[in-house]
Amino acid sequence: MKINKLYLEISLAVILYLAAIYIWSLPFQKNNMPYGETDSGTHFTLGDYMAQTDKPVYNLPFYLATQYGYWNNNKIWYPPQFHVDVSIAQILGGDRVMSAFLFYAIICSLIVLASYLLFRNLFGVLIGFLSSFFLIFSTRDILWYLFGQYPQIASFVYTPIVLYSYYKYVDSFFSERKKPIYLYITAVLLSIQFFFHPQGIVASVLVIIIFSLFTIIKERRFIFDIKHFLVFLVIIVIVLGPFFSIPLGKESKFKKDLAIGGEKSDAGFFYWTKTPKEPGVGYPGYYSYGAMNGIWTLPFVLLGIAFLLVSRKRKEMLLLSWLIALYILFHEAIIGGRAERFIE
């Protein structure tokens with residue numbers, strides 16, 4: 001009996017994602033009460049408020065304005081799209097709590113499927129499946145989901161897809177025909193990423209910049225067509241233009257954060273970051289590589305980096321660029337701010 005490889009791969013992807021949803025939804029399978037930490041209550045309340053009032057809101061409800069109003073002039077600190085999605089899930093699901101938290105589990109666990117698509121297309125089905133399978137059990141990813149940073153996780157879901165789309169555009173420069181459609185898709189995906197949470201777009205753009213520099217240096221060839229790049233910018237401006245005032249307006253939270261200046265950690269060259277005096281998340285072990293991943297994985301990480309450096313093909317350079325970008329973002333001593341949000 002001949003097995004259809006396409007059906008087999010689709011079956012593996014479905015099993016992979018269903019396993020992710022099942023494991024990530026364990027907290028509310030037996031306890032149908034809201035749960036979470038840090039901002040989880042705020043995100044749930046905003047979506048619930050929109051569902052109960054039957055309209056999306058930009059101005060914060062009075063009972064949230066007292067806590068968050070100072071930071072963004074009594075307004076939501078980024079586009080309300082995510083919370084509108086939550087309210088739609090509540091309405092369609094018919095339950096204020098379970099529908100919302102099932103939506104959180106589904107959209108946050110999509111990082112597993114997005115990673116599978118990236119690694120599968122770059123390195124094959126086996127590597128794609130194994131890397132994504134282990135991601136299901138990533139303590140750091142699960143903790144960030146449990147802490148209630150749902151919009152941010154949803155934003156980072158797009159990073160692997162953004163990187164693959166941009167990689168395809170760059171790769172087309174070394175084929176018979178350029179494919180600017182991939183650059184335009186990248187612009188759309190970056191815009192969607194911004195709508196979920198602006199932090200995801202910071203990580204994606206930094207990886208794109210580093211990968212572009214690596215490729216230009218290695219190939220000794222400029223990889224941009226000015227017409228393609230202008231269309232890329234036009235798409236982003238058209239899609240995001242009406243919403244720039246939310247994160248960048250006069251009274252925005254992000255401008256106030258920049259004015260105050262982020263806290264500096266004493267992160268050093270040979271580790272990601274040290275636990276801050278006042279951790280931004282509720283579990284100090286979150287900042288420990290050993291506690292989150294196990295020291296036994298470190299030799300494999302170093303071996304992988306060595307392989308990327310030796311091979312230096314474009315797809316390997318993409319992953320190396322991702323690691324370098326993460327290293328920069330993890331180091332508050334370099335960039336200031338809240339590195340714990342990038343560690344996820």
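Treat the numbers as computed from the prediction; the structure is a model and nothing was measured.
- When atom types are taken as modelled, the side chain of S87 and the backbone of V84 share a donor-acceptor pair closer than 3.5 angstrom.
- Partners of L18 under the side chain to side chain contact (heavy atoms under 4.5 Å, CB included) rule, at least two apart in sequence or in another chain, are V14.
- Side-chain contact check for Y164 versus L117: every heavy-atom pair is 4.5 Å or farther apart.
- Contact check for F103 versus L92: no side-chain heavy atoms found under the 4.5 Å cut-off.
- The side chain to side chain contact (heavy atoms under 4.5 Å, CB included) check on P27 picks up Y35, L146, with sequence neighbours excluded.
- Considering only heavy atoms from C-beta on, I324 comes within 4.5 Å of L320 through its side chain.
- Annotation: side chain to side chain contact (heavy atoms under 4.5 Å, CB included) contacts of R220 (sequence neighbours excluded): none.
- Side-chain contact annotation: H43 with Y104, donor-acceptor N/O pair under 3.5 Å absent.
- Between F196 and P151, every side-chain heavy-atom pair lies at or beyond the 4.5 Å cut-off.
- Take T297 and apply the side chain to side chain contact (heavy atoms under 4.5 Å, CB included) test, not counting sequence neighbours, and it matches Y289, N293.
- Summarising the hydrophobic clusters (Ile, Leu, Val, Met, Phe, Trp, Tyr; side-chain heavy atoms under 4.5 Å, direct or chained), the residues clustered with W296 are F300.
- Counting only distance, with no hydrogens or angles, the side chain of S155 and the backbone of H197 share a donor-acceptor pair below 3.5 Å.
- Annotation for V310: hydrophobic cluster partners, listed by chain and number, are none (ILVMFWY side-chain heavy atoms under 4.5 Å, direct or chained).
- Every residue two or more places apart in sequence or in another chain that forms a salt bridge (charged side-chain N to carboxylate O under 4.0 Å, His left out) with D48 is listed here: R96.
- Within the structure, the side-chain hydrogen bond (donor to acceptor under 3.5 Å, both in side chains) test picks out no pair touching residues 105-115 (sequence neighbours left out).
- Among pairs with a residue in residues 289-302, none fulfils salt bridge (Lys or Arg N to Asp or Glu O under 4.0 Å), at least two apart in sequence or across chains.
- In this view, R120 and E9 satisfy the salt bridge (charged side-chain N to carboxylate O under 4.0 Å, His left out) rule, not counting sequence neighbours.
- Under the side-chain hydrogen bond (donor to acceptor under 3.5 Å, both in side chains) criterion, T215 pairs with no residue at all, not counting sequence neighbours.
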Would you give me the side-chain donor-acceptor pairs under 3.5 Å for residues 122-134, sequence neighbours excluded?
from: S131; atom 1: OG; to: I127; atom 2: O; distance (Å): 2.8
from: S131; atom 1: OG; to: G128; atom 2: O; distance (Å): 3.2
from: S132; atom 1: OG; to: V112; atom 2: O; distance (Å): 3.4
from: S132; atom 1: OG; to: Y116; atom 2: N; distance (Å): 2.9
from: S132; atom 1: OG; to: G128; atom 2: O; distance (Å): 2.9

